[in-house]
Participant: 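Have a look at this one before I ask anything.
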Amino acid sequence: MKSLMIVGTSSSCGKSFITAALLRMLRNKGIAAAPFKAQNISSKSFTTEDDCEIAYSTYIQALSAGVAPEADMNPVLIKPAYDQTQIILNGKLLYTGSYTKYEDYLPEIRAGIESSFHRLAAKYDILIIEGAGSTAEINLANQDVANVYTAKITNSPLLLVSDIHYGGVFAAIHGTIDLLDKSIKNQLGGFIINRYQGIKDILQPGIDVLENKHGVPCAGILPYQHDLIVPDEQSFDRMAELFEANIDLGRISRLLDVAL
């Protein structure tokens, strides 16, 4: 099975978009590809034809690949709330309650992720896998299933994405590689600097330092795209609009139901 995993130095660094772009490129080449994100945390979801719930970003990626979205593409969806977090496993509600109980369901969650991956792997030529948040969330190492665990069970080459738009990109890449779990360090194939505006040559001294220090090449520098409209996975932007409109919703299970 061929797979490639897109991981990041942080949330909102461009992993979802790069995954979608790669899937579209593969589709244009006539290659049967599909997205896979083991776990997503979002209130924005999509309901598949067989009434399963997956993250909206995974649905967009399936469209990019030209394939039907299905629960196996996003086996775990966590829908956060201030008091009643929902855990969706393989498209169906597993648990509603305090997030502190998440670890109780880890064996079931890990098994669901592995089963989903193998089912998808049997159907497609290649999977483009997306990690979640930072790849080096060392405070959550025991709970992390979207990054280290997924990298292990899929044995995927890793591409590390970092967003330069707000600065600190070299520190972010260096720190992430330094803190990366030793069991998957040898899978790191390169790093990508995303959302750059300026002359590429200016970045070269920093790139040289990182390549020499870690022995990992820069796989690309992607320009800032002003004309892209990508839904914010974390939902804070939409929540702010709803509050400004003085809408008293109590609880929201699927944010997109009231977004349009």
Side-chain angles (χ1 to χ4, degrees), residues 4-22 37-42 44 55 57 61 78 80 128-151 156-240:
L4 174 66
M5 187 166 176
I6 310 301
V7 296
T9 60
S10 68
S11 297
S12 302
C13 63
K15 297 185 296 293
S16 296
F17 169 72
I18 290 171
T19 298
L22 289 172
K37 184 162 185 174
Q39 178 180 288
N40 208 335
I41 301 177
S42 178
K44 294 182 177 178
S57 61
Q61 290 166 355
I78 297 176
I128 305 298
I129 302 169
E130 182 187 350
S134 167
T135 324
E137 299 284 8
I138 55 176
N139 58 313
L140 299 173
N142 294 333
Q143 298 181 17
D144 178 21
V145 294
N147 296 300
V148 177
Y149 177 76
T150 298
S156 305
L158 309 177
L159 276 181
L160 178 65
V161 179
S162 192
D163 181 1
I164 196 174
H165 187 58
Y166 295 107
V169 70
F170 297 115
I173 294 170
H174 169 65
T176 300
I177 297 175
D178 252 14
L179 293 174
L180 202 61
D181 192 283
K182 291 180 181 179
S183 64
I184 62 169
K185 255 188 179 177
N186 65 341
Q187 294 172 231
L188 185 60
F191 60 87
I192 293 174
I193 296 175
N194 191 27
R195 299 193 182 112
Y196 181 61
Q197 301 181 86
I199 301 169
K200 291 182 180 180
D201 291 347
I202 295 175
L203 298 178
Q204 199 57 51
I207 290 172
D208 290 341
V209 170
L210 290 178
E211 289 182 334
N212 292 332
K213 186 176 289 289
H214 297 291
V216 177
C218 177
I221 301 168
L222 302 182
Y224 190 99
Q225 300 287 339
H226 295 275
D227 56 344
L228 290 177
I229 302 175
V230 180
D232 181 11
E233 193 76 325
Q234 304 303 325
S235 303
F236 296 130
D237 58 339
R238 204 52 178 161
M239 287 301 293

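Keep in mind that what you see is a predicted model, and the values were worked out from it rather than measured. Values below: every heavy atom of this structure, side chains too, minus hydrogens, waters and symmetry copies.
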Participant: Identify the two heavy atoms, one from I173 and one from S162, that lie closest to each other, and give their separation to 0.1 Å.
Facilitator: CG1-CB, 3.6 Å

Participant: Report the distance from atom CG of L4 to atom CD1 of I128, rounding to the nearest 0.5 Å.
Facilitator: 5.0 Å

Participant: Below 4.5 Å, heavy atoms only, C-beta onward: do V169 and F191 meet side chain to side chain?
Facilitator: no

Participant: Nearest 0.5 Å please: distance from the CG atom of L22 over to the CG atom of L159.
Facilitator: 8.0 Å

Participant: Just wondering, do V7 and T176 contact through their side chains at under 4.5 Å, heavy atoms?
Facilitator: no

Participant: Where the side chain of S10 meets the backbone of S134, is there a donor-acceptor pair that is under 3.5 Å apart?
Facilitator: no

Participant: Without hydrogens or angle criteria, can the side chains of Q187 and S156 be said to hold a donor-acceptor pair below 3.5 Å?
Facilitator: no

Participant: Is the side chain of D144 donor-acceptor paired with the backbone N or O of Y149 at a distance under 3.5 Å, no angle test?
Facilitator: no

Participant: Would you compute the distance between atom CZ of F17 and atom CD1 of I6 and round it to the nearest 0.5 angstrom?
Facilitator: 12.0 Å

Participant: Which atom names give the shortest non-hydrogen contact between T19 and E130, and what distance separates them?
Facilitator: OG1-CB, 3.8 Å

Participant: Under 4.5 Å between any side-chain heavy atoms of N40 and S57, yes or no?
Facilitator: yes

Participant: Strictly distance-based, threshold 3.5 Å: is any side-chain N or O of Q61 a donor or acceptor partner for the main-chain N or O of S16?
Facilitator: yes

Participant: May I ask you to decide if D208's main-chain N or O and N212's side chain share a donor-acceptor pair within less than 3.5 Å?
Facilitator: yes

Participant: Provide the closest heavy-atom pair for S12 versus R195 in the form atom of the first, atom of the second, distance.
Facilitator: O-NH1, 2.9 Å

Participant: Yes or no on side chain to side chain contact (heavy atoms under 4.5 Å, CB included) for T150 and K37, after CA distance, side-chain angles and deciding distance?
Facilitator: CA-CA 9 Å; T150 298; K37 184 162 185 174; over 6 Å; no

Participant: NZ of K185: more than 12 outside heavy atoms within 6.0 angstrom?
Facilitator: yes

Participant: Is a donor on one side and an acceptor on the other found under 3.5 Å between the side chain of N194 and the backbone of C13?
Facilitator: yes

Participant: Ignoring hydrogens and geometry, is there a side-chain-to-backbone donor-acceptor pair from K15 to G133 under 3.5 Å?
Facilitator: yes

Participant: Considering only heavy atoms from C-beta outward, does the side chain of I193 approach that of I207 to under 4.5 Å?
Facilitator: yes

Participant: If every non-hydrogen atom of G131 is compared with every non-hydrogen atom of N147, which pair is closest and at what distance?
Facilitator: CA-OD1, 3.4 Å

Participant: Considering all heavy atoms of both residues, which atom of I221 and which atom of C218 are nearest to each other, and what is their separation?
Facilitator: CG1-SG, 4.2 Å

Participant: Roughly how far apart are H174 NE2 and H214 NE2, rounded to 0.5 Å?
Facilitator: 5.0 Å

Participant: Give, for atom OG1 of T135 and atom CD1 of I138, the distance between the pair rounded to the nearest 0.5 Å.
Facilitator: 12.5 Å

Participant: Checking L160 against V216 for the side chain to side chain contact (heavy atoms under 4.5 Å, CB included) test, could you report, in this order, the C-alpha distance in whole Å, the side-chain angles of both residues, the deciding distance, and whether it holds?
Facilitator: CA-CA 10 Å; L160 178 65; V216 177; over 6 Å; no

Participant: Would you name the heavy atoms of L210 and F170 that are closest together and state the gap between them?
Facilitator: CD1-CD2, 3.6 Å

Participant: Between L203 and I164, is there a side-chain heavy-atom distance shorter than 4.5 Å?
Facilitator: yes

